[in-house]
2 protein chains.
Amino acid sequence: MENETCRPRIRIRIVFGAEEMIGPGKAELLERIDRCGSIAAAGREMGMSYKRAWQLIGTLNAMFRAPLVDSTRGGPGGGGAVLTEAGRTVLSLYRAFEDEAAEAGAAQLSELRMLLRDIPHGK
Amino acid sequence: MENETCRPRIRIRIVFGAEEMIGPGKAELLERIDRCGSIAAAGREMGMSYKRAWQLIGTLNAMFRAPLVDSTRGGPGGGGAVLTEAGRTVLSLYRAFEDEAAEAGAAQLSELRMLLRDIPHGK
DNA sequence: TATTGATATGTTTCTCAAGCTATAACGTAG
DNA sequence: CTACGTTATAGCTTGAGAAACATATCAATA
């Protein structure tokens, strides 16, 4: 029930247009779909309603030239969803962006932490 | 009435704790308070209710060791608010973080834009 | 080929929190 | 001492998201 937002973390959202954007939520969802093989299971893991997960994937698939998630109904196990190559590429690019940004701004982040009233415990 | 979220923009939110965070909204608010000399006027400029602006400033003042905004009521003009030195420092650090991050991730951002269905017009 | 089992897709309803509007308190100037 | 523009607070409303439910889909398999 608790989010793991304890240590200072950077949340980056890339906004392309009015509706087109990608942020931490969609990235994590893609990651979990890749691991679970199912939109429903990935959403459950994140404490997210299935509808919401499904909608997020819908917008992602609509905003990129090629869909990021390929879902199949029926079949062995009743159905499932997998990350396409485009999906893997987008996720990897987003994670790379996050890492580069965090590294580039480490100095400022450190200075900001100094100014906090209660310095986050640990690291 | 329209947001200027047309060209691909990066929105960075730095999360320190459960409630402690700073992002584009609070940064812009601080900036405008510095220019306007009033929480109310700054909020109006952003199309934000006074209560919301006041709450945001309240959380900011509470999360840092020293308040970022100093407000007085009554007085000439009815009152006002100014940015403290700490406020100016925090704002500057946040902006610097933004710039560093955007520069560091320019390559990934460019690749992501290529994959979009309808490439954002301009630039 | 009819059944089954697991999921995807879509709809409706409800709740709760974010945000807006309205009100009080304040203090200087005229 | 009244008026004004602001800070500070209280009450209320709207809307986004969750929960629940209903239906569609399709491979295996018996």
Side-chain angles (χ1 to χ4, degrees), chain A residues 1-3 5 11 13 15 18-26 28-30 32-63 67-84 87, chain B residues 1-3 5 11 13 15 18-26 28-30 32-63 67-84 87:
Chain A
M1 191 164 296
E2 291 301 316
N3 288 341
T5 56
R11 299 170 59 86
R13 178 180 304 182
V15 181
E19 299 297 319
E20 293 107 351
M21 57 187 78
I22 182 170
K26 285 174 183 163
E28 187 178 346
L29 188 60
L30 286 176
R32 289 185 189 272
I33 286 175
D34 194 28
R35 258 194 281 127
C36 301
S38 149
I39 295 178
R44 267 195 302 273
E45 278 190 3
M46 293 178 65
M48 176 187 303
S49 71
Y50 174 78
K51 182 185 178 181
R52 176 157 179 74
W54 172 76
Q55 282 175 334
L56 291 179
I57 295 304
T59 62
L60 276 179
N61 280 345
M63 82 189 253
L68 308 192
V69 172
D70 200 0
S71 62
T72 63
R73 326 190 259 193
V82 297
L83 233 57
T84 65
Chain B
M1 193 164 295
E2 291 298 318
N3 289 342
T5 56
R11 297 170 60 87
R13 178 181 304 182
V15 181
E19 298 297 320
E20 294 106 351
M21 56 187 79
I22 183 171
K26 284 175 185 162
E28 187 179 347
L29 188 60
L30 286 177
R32 289 184 189 272
I33 286 175
D34 193 30
R35 259 194 282 127
C36 300
S38 148
I39 297 178
R44 268 196 301 272
E45 279 190 4
M46 293 178 66
M48 176 186 301
S49 72
Y50 173 78
K51 180 181 180 179
R52 175 157 180 73
W54 175 77
Q55 282 176 332
L56 292 179
I57 296 303
T59 61
L60 276 180
N61 279 347
M63 83 189 252
L68 307 192
V69 172
D70 201 0
S71 63
T72 64
R73 50 183 188 176
V82 296
L83 233 58
T84 64

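A note on names: the letters A, B, ... follow the listed sequences, proteins ahead of strands, and every chain is numbered from 1. Just so it is clear, the values below take in all heavy atoms, side chains as well, and ignore hydrogens, waters and symmetry mates.
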With a 4.0 angstrom cut-off to heavy atoms of chain A, pull out the first and last contacting nucleotide of DNA chain C, in 5'-to-3' order. C:dA6 to C:dT12

Validation row: A:L83, A:V69 side chains within 4.5 angstrom (heavy atoms): yes

Looking at residues at least two apart in the chain, or sitting in another chain, which of them share a side-chain contact (heavy atoms from CB on, under 4.5 Å) with A:T84? A:D70, A:A86

According to side-chain contact (heavy atoms from CB on, under 4.5 Å), who are the partners of A:P67, at least two apart in sequence or on a separate chain? A:N61

Applying side-chain contact (heavy atoms from CB on, under 4.5 Å), name anything that partners A:M63, two or more places apart in sequence or on another chain. A:F16, A:E20, A:L60, B:L116

Sort and list the pairs that fulfil side chain to side chain donor-acceptor pair (under 3.5 Å) and have at least one residue in residues 34-58 of chain A, not counting sequence neighbours. A:R32-A:E45, A:D34-A:R88

Protein within reach of the bases, or only the backbone? For nucleotides 7-23 of chain D, mark each nucleotide 5' to 3' as B, S or -, using heavy atoms under 4.0 Å. BBBBB------S-----

Can you tell me how far apart CG (B:L56) and CD1 (B:I33) are? Round to the nearest 0.5 Å. 9.0 Å

Residues which pass side-chain contact (heavy atoms from CB on, under 4.5 Å) with B:A53, listed by chain and number, not counting sequence neighbours: B:L29, B:I39, B:M48

